[in-house]
Participant: 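Mind having a look at this structure? Questions to follow.
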Amino acid sequence: MTFCFTGVRSFPKLWKSNSYLGLCPGHSYMSLFPKDCYGIRNQHKWFSLKTASPQNTKATNLPIAKARYRRKGNESCNKQVSPESSHLFAAGAAKKRAQMNPQSKDHALPPVKNIIQLPTKPLNSEEWDKLQEDFKGKANFEDWIISQMAHYNSSVDVAKSLLAWVAAKNNGIVGYNLLVKYLYLCVFHKQTSEVFDIYEIMKARYKSLESGGTSLLIRGLIHSDRWREALLLLKDIKKVMTPSKKNYNDCIQGALLHQDVNTAWNLYQELLCQDLIPMMETLKAFFDFGKGIKDDQYSNKLLDILLYLRNNQLYPGESFAQSIKTWFESVPGEQWKGRFTTIQRSGQCLGCGKTIESIHLSPEEYEYLKGKIMRDVIDGGDQYKKTTPQELKRFKNFVKYCPPFDIVIDGLNVAKMFPKARESQVLLNVVSQLAKQNLQVLVLGRKHMLTPCARWRKDEMEKVQKQASCFFADNISEDDPFLLYATLHSGSHCKFITKDLMRDHKACLPDAKTQRLFFKWQQGHQLAIINRLPGSKITFQHILSYDTVVQTTGDSWHIPYDEDLVERYSYEVPTKWLCLHRKT
């Protein structure tokens, strides 16, 4: 797509499987396969059941890593927890684990160097000709150079000299790609008059614009007196597609900047009706605008935003959290006081002493989640690609004849935690430590784990089978459906051990509500083993006792937020909180 500049204005003036193995522990075995039938006298027993001991009624008391704290004066909010004691889902934990256990790196290709140096000042025609001659790349020179300028945010004047050179040698014609990249630079550098010029050119030449160009124009217009034209461009986008949350953000920012609060709120509601998740900077803008304003209706809308964050398990960034704090403290006559703090393992806020909501699901939530997982993940998921319905049915029968478990272990996953250690030894260490506490333990594994070899010693696996119920599935089977079924079937007290974060299974759940309940249940039930030297006492990371969501009691708010310098993955939760309470 090209545009001819001739006749618009003078150019210089213009430019700005199949069977399974299940073994239950104990000193008394009841084989579920007749020893002299079906030709399996000399084969492994696929499973056996332990004579049930009285169910452990005491709370599961696992060795948990103790926190080490440093205090300075009375500033308890500055309590620091050693990295090894942070919970599995703490923000930044995945990155720390990756740094502690570096994987072998692929042989990366050497970085591509700039073929030529980008100019730092406007060039004349002869200088652009010379630069093009020096260019040895295979790409089109003009497209390459303008893309580099946009990437490095070169000055508008330098880009303008490029377009002038292109127009001069092409009878006033400049390609659409160059035009839009130039527009990007004008918007980035807030060169409003240049944006106006390009807007006029585009209106004159095109009846409609593609979304990229329109989005840039919207962003470029909102800071000017012509900001309402951005709303017209938003309408143009809606004729052919759903505008992006960035489009809505720009228009809302423009409306607030020009004191049109009603338009801003209307756009916000429209955004939500489109099932778009607003940008945090959009929500922050509403709080910034409301600073110092005594308006109950406006205040209620801001509180609704906080509830939206809660219901969607969203977390503000550090800057947004500061804006929330500032707004609360600025409302005339309300006497709110905020502080940034942390939450103790007990769930008590170090800022105000209040107890944060429990991580444990209510009985109604637990039954709802259990039903959903049974239907959508275990019975209706895609696990049959690796697990046959017959094997899953046999596993269900196996669980049916076992007492409720206290701990379910992903045997293969745990055994491979220490690459240099023997798998059967690692698994035996974990099972032995748990069995000493009179816990009902289930180990899920694969059949190959019972084939004696250097990594899987027969004597060690026999000891595992005496101390825990065991189910060994086909080597191609997927472990996770078995783990989820056994844990949920055993009841809300049952915990499970695996390094797998279950993201695929969470994604199989049908709606956001069920996914949030699954993640909440997972945080309160998944145990992680802290890496220790093989043979040493196994230590588990502590499990969260409180729910990391925005919450209120009416006279207090507790808001978890993301720290600027901490990289949080989507399956992690923040560790820092904003505590707000009303003075009495």
Participant: Walk me through it: do Gln274 and Leu271 pass the test side-chain contact (heavy atoms from CB on, under 4.5 Å)?
Facilitator: CA-CA 5 Å; Gln274 299 281 5; Leu271 179 155; 5.9 Å; no
Participant: Compare all side-chain heavy atoms of Val441 with those of Asp406 and state whether any distance is below 4.5 angstrom.
Facilitator: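 No, every pair of side-chain atoms sits at 4.5 Å or beyond.
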Participant: Can you find a pair of side-chain heavy atoms, one from Leu283 and one from Leu309, that are under 4.5 Å apart?
Facilitator: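 Counting from C-beta outward, Leu283 and Leu309 do come under 4.5 Å.
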Participant: Looking only at non-hydrogen atoms, find the nearest pair between Leu427 and Ala415 and report the distance.
Facilitator: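 That would be CB-CB, 4.2 Å.
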Participant: Could you give the distance from CG (Asp562) to CZ (Arg568), rounded to the nearest 0.5 Å?
Facilitator: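 Reported value, rounded in 0.5 Å steps: 4.0 Å.
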Participant: Within the structure provided, determine whether His558 and Cys352 are in side-chain contact (heavy-atom separation under 4.5 Å).
Facilitator: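 Touching, per the 4.5 Å side-chain cut-off.
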Participant: Taking atom CZ of Phe405 and atom CG of Leu442, what is their separation to the nearest 0.5 Å?
Facilitator: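 Going from the CZ atom of Phe405 to the CG atom of Leu442 covers 4.0 Å.
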Participant: Would Glu357 and Arg310 pass as an ion pair if we require N to O under 4.0 Å?
Facilitator: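 A salt bridge is present here (some side-chain N lies under 4.0 Å from a carboxylate O).
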Participant: Taking the ring centre of each residue, are Phe287 and Phe320 less than 6.0 Å apart?
Facilitator: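 So the answer is yes for these two rings.
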Participant: To the nearest 0.5 angstrom, please state how far the OG1 atom of Thr548 sits from the CD atom of Gln523.
Facilitator: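 With rounding to 0.5 Å, OG1 (Thr548) is 5.5 Å from CD (Gln523).
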Participant: Any chance you could measure Met417, atom CE, to Asn429, atom CG, to the nearest 0.5 Å?
Facilitator: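 Between Met417 CE and Asn429 CG, I get 12.0 Å after rounding to 0.5 Å.
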Participant: Shortest non-hydrogen contact from Ser244 to Leu276?
Facilitator: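 Shortest heavy-atom separation between Ser244 and Leu276 comes out as C-CD1, 4.3 Å.
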Participant: For Tyr315 and Ile559, indicate whether the former's side chain and the latter's backbone hold a donor-acceptor pair under 3.5 Å.
Facilitator: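 Looks like no, no N/O pair under 3.5 Å.
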Participant: Salt-bridge test for Arg457 and Asp459: reply yes if a basic N is under 4.0 Å from a carboxylate O, no otherwise.
Facilitator: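 Here Arg457 pairs with Asp459 in a salt bridge, since their nearest N and O are under 4.0 Å apart.
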Participant: Given side chains that start at C-beta, do those of Asp410 and Asp480 come closer than 4.5 Å, heavy atoms only?
Facilitator: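 Answer yes - side chains close enough.
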Participant: Is a side-chain N or O of Arg516 found less than 3.5 angstrom from the main chain of Asn311, in a donor-acceptor match?
Facilitator: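 Such a contact is found between Arg516 side chain and Asn311 backbone.
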Participant: Could you check whether any side-chain heavy atom of Leu444 comes within less than 4.5 Å of a side-chain heavy atom of Phe395, counting everything from C-beta outward?
Facilitator: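 With C-beta onward as the side chain, the pair touches.
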Participant: To the nearest 0.5 Å, tell me how far Glu423 CD sits from Glu460 CD.
Facilitator: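 Reported to 0.5 Å precision, the distance equals 10.5 Å.
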Participant: If you measure from OH on Tyr368 to CG on Leu517, what distance do you get to the nearest 0.5 Å?
Facilitator: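 Separation between the atoms: 7.0 Å.
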Participant: Determine whether Trp521 and Thr487 make a side-chain contact, defined as any pair of heavy atoms from C-beta on separated by less than 4.5 Å.
Facilitator: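 Yes, side chains in contact.
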Participant: Between Gln522 (side chain only) and Leu501 (backbone N and O only), is there a donor and an acceptor less than 3.5 Å apart?
Facilitator: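 The answer is yes, because a donor-acceptor pair under 3.5 Å joins these two groups.
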Participant: Do Asp555 and His581 have side-chain N/O donor and acceptor atoms under 3.5 Å apart?
Facilitator: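 No - no donor-acceptor pair under 3.5 Å links their side chains.
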Participant: Determine whether Glu281 and Lys246 satisfy the following criterion, side-chain contact (heavy atoms from CB on, under 4.5 Å), listing intermediate values before the conclusion.
Facilitator: CA-CA 10 Å; Glu281 62 184 89; Lys246 180 62 179 174; 3.9 Å; yes
Participant: Given the ring of Tyr561, does Lys325 sit roughly above its face, with NZ or CZ under 6.0 Å from the centre of the six-membered ring and within 45° of the axis?
Facilitator: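 No.
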Participant: Does Lys513 NZ have over 12 foreign heavy atoms under 6.0 Å away?
Facilitator: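 Counting other residues, nucleotides and ligands, NZ of Lys513 stays at 12 neighbours or fewer.
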Participant: Is a donor on one side and an acceptor on the other found under 3.5 Å between the side chain of Gln465 and the backbone of Met461?
Facilitator: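 Flag set: sc Gln465 to bb Met461 pair under 3.5 Å.
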Participant: Say whether, by atom type as modelled, one donor and one acceptor occur between the side chain of Gln526 and the main chain of Thr498 under 3.5 angstrom.
Facilitator: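 It does hold such a pair.
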Participant: Go through it in stages, so that I can follow the logic: the residues are Val408 and Cys494, the test is side-chain contact (heavy atoms from CB on, under 4.5 Å), and I'd like the CA-CA distance, side-chain angles, deciding distance and then a yes or no.
Facilitator: CA-CA 8 Å; Val408 179; Cys494 184; 3.8 Å; yes
Participant: Less than 3.5 Å apart, any donor N or O on the side chain of Gln467 or Ser432 sitting next to an acceptor on the other?
Facilitator: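 The criterion, which ignores hydrogens and geometry beyond distance, is satisfied for Ser432 and Gln467.
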Participant: Does Leu314 reach the side chain of Met280, with side-chain heavy atoms less than 4.5 Å apart?
Facilitator: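 Yes, close enough: below the 4.5 Å cut-off.
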Participant: Any donor and acceptor pair, going by atom type alone, linking the side chain of His525 with main-chain N or O of Ser492 inside 3.5 Å?
Facilitator: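 The answer is yes, because a donor-acceptor pair under 3.5 Å joins these two groups.
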Participant: Over all heavy atoms of both residues, which pair between Ile538 and Gln433 is shortest? Give the atoms and the distance, please.
Facilitator: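 For Ile538 and Gln433, the tightest heavy-atom pair comes out as O-NE2, 2.7 Å.
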Participant: When you look at Asn249 and Lys245, which way does the side-chain contact (heavy atoms from CB on, under 4.5 Å) test go after all the steps?
Facilitator: CA-CA 6 Å; Asn249 172 72; Lys245 59 184 178 181; over 6 Å; no
Participant: Do the non-hydrogen side-chain atoms of Cys453 and Trp456 ever get within less than 4.5 Å of each other?
Facilitator: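 They are in side-chain contact.
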Participant: For Leu303, does the CG atom have more than 12 heavy-atom neighbours from other residues, nucleotides or ligands under 6.0 Å away?
Facilitator: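 Correct, the count exceeds 12.
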Participant: Taking Thr355 for its side chain and Gly347 for its backbone only, find out whether a donor-acceptor pair lies under 3.5 Å.
Facilitator: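 Checking the backbone N and O of Gly347 against the side chain of Thr355, no donor-acceptor pair under 3.5 Å is found.
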